[in-house]
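Count residues from 1 along the sequence. Side chains are part of it too, since the values below use all heavy atoms of this structure and drop only hydrogens, waters and symmetry mates.
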Amino acid sequence: MKLIRLIMNRLSLILFFILSLWTLLFCVYLERDFLSQTDLRLNAYAEEEISLFLSDYPDVPLAQNDPAELISHSFVEIPASYARQRQDFSLSTLKYAEGTREKRTYRRIQIVFKISQDRYFLFQAQADIQRQRDLQNSIYGWVLILYFLLLVIILIINYFVIEKNMQPLYRLLAWIDRFDIEKENPAPGIDTKVKEFSKLSRAVERQFERTQVLYRQQKFFVDNAAHEMQTPVAVCLNRIEQLLQKPDLDETLFLELASVLQTLKKMARMQKDLLQLSRIENGAYTQRERVSIRPLARQAVENLQEIFASKNIACRYGETGTGPEESMEKDVDAVINPVLCRLLVDNLLKNAFVHTPPNGEIRIFLDPDRFSVSNSGSSPLPSGKIFERFYQQDSSKGTAGLGLAICQAICQEYGLQLSYSFEDGMHCFQVTGFRNLTQENPSP
């Protein structure tokens, strides 16, 4: 989630809560104010009418309407027992139809008073407040419209203000995305009055420059160390091969030199794999281009079938392993370094050919997001160890145990997922996530 979106989400929640609380309080106050004004008018009207009734009784009419005030009242004599059970004063709001189908809202006041020893009257007056209620509802509607307008306008203004002030950070992030550790990178050139952004820009620039210097030093050391180690190993291999070709060499010495030769070859392969692994982890392979994995897999299979022809391994295609090579119509198309892509495919297939028993089977499956290689096996492998360096499934195979570690490093470099599973007597190594490598210029 982007920072500005996170800020706007939290700001929206805060504004929603504040404006909702303000709207609720305003509506409650408006309701109480309307009723308070009506109640004051009804109280004054009740006092006046009861005073006239007491002074002129029994000549005062028991019911009367006041069209000007929209108030009607009545006097009803009630039994003493009923009067003692009631409260002396009450106010209530009613809604009912009076002569028409349209329901109207009234505010009613009821007062019980005594005119003699055992005579009680109930005064009841009601005011038509439908107009006030309509006005109140209209005010509520405009308040809600104002509420939403304020919320939207404040959020829009805040978004543009925050985005404007975040421009230095966006420029710094864009510079980080464009940074190439093997090239000269101009300074981000962020000119801002915000001290935090200026300090962050200087710190990032210094750290990236330091990283670039360390990378170049390490690359220089690795390249030179590899070259210096390869030369004596190659000389030793040459010398031993020459000694093995001498006709007067006795059998014991011949076997000893052959054993040394095999050890030197294994060391040379290990040295090459370690150098390759170091370069991958140091980000030495920065070039990217669109690569199709299907032809790489076919070429690797052809080469390996020639090398391991004595094992009589059947190589099939598809998840079920029943289709011929021509049925492999799907492909994995990704923007990746071609050298590392070939290395990933070669190592997975070589691992399958090396560890497949004679007369075994290898299955290859491709689709736009997945490349998997399965081979025959007798028992599952420890999934937590097979991708570790120098882990050897079978020491008699003569491998260094770095092939799967290199595959794991390549997958981590490009955000791919390398997984292992064992089903139906087949070891399956699967690489997924190629859909994320479809852009021509992906972010590093």
By side-chain hydrogen bond (donor to acceptor under 3.5 Å, both in side chains), Q262 pairs with (sequence neighbours left out) none

For V143, the side chain to side chain contact (heavy atoms under 4.5 Å, CB included) test, sequence neighbours excluded, returns W22, T23, F26, I139

The ring-ring contact (aromatic ring centres under 6.0 Å, His included) partners of F34 (sequence neighbours excluded) come to none

Residue set satisfying side chain to side chain contact (heavy atoms under 4.5 Å, CB included) with I157, at least two apart, ordered chain then number -> I153, V161

Sorted by chain and number, sequence neighbours left out, side-chain hydrogen bond (donor to acceptor under 3.5 Å, both in side chains) with R210 holds for Q207

With sequence neighbours left out, the residues meeting ring-ring contact (aromatic ring centres under 6.0 Å, His included) with F16 are none

task = Go through the steps to decide whether L151 and L155 satisfy the test side-chain contact (heavy atoms from CB on, under 4.5 Å), and finish with yes or no.
result = CA-CA 6 Å; L151 184 62; L155 290 177; 4.2 Å; yes

Hits for salt bridge (charged side-chain N to carboxylate O under 4.0 Å, His left out) against D39, two or more places apart or cross-chain, chain-then-number order -> R107

Across all chains, not counting sequence neighbours, the side-chain hydrogen bond (donor to acceptor under 3.5 Å, both in side chains) partners of R171 are none

Item to complete: Indicate the ring-plane relationship of F429 and Y420, choosing parallel, tilted or perpendicular according to the 30° and 60° boundaries.
Response: tilted

Hits for side chain to side chain contact (heavy atoms under 4.5 Å, CB included) against E31, two or more places apart or cross-chain, chain-then-number order -> L35, R133, Q136, Y140

Sorted by chain and number, sequence neighbours left out, side-chain hydrogen bond (donor to acceptor under 3.5 Å, both in side chains) with D134 holds for Q130

F254 meets the ring-ring contact (aromatic ring centres under 6.0 Å, His included) criterion, sequence neighbours left out, with none

Contacts satisfying side-chain hydrogen bond (donor to acceptor under 3.5 Å, both in side chains) that involve residues 145-168 (not counting sequence neighbours) are S20-Y147

Rounded to the nearest 0.5 angstrom, the OG1-CD distance for T211 and E209 is 10.0 Å

Rounded to the nearest 0.5 angstrom, the CG-OG distance for L381 and S421 is 10.5 Å

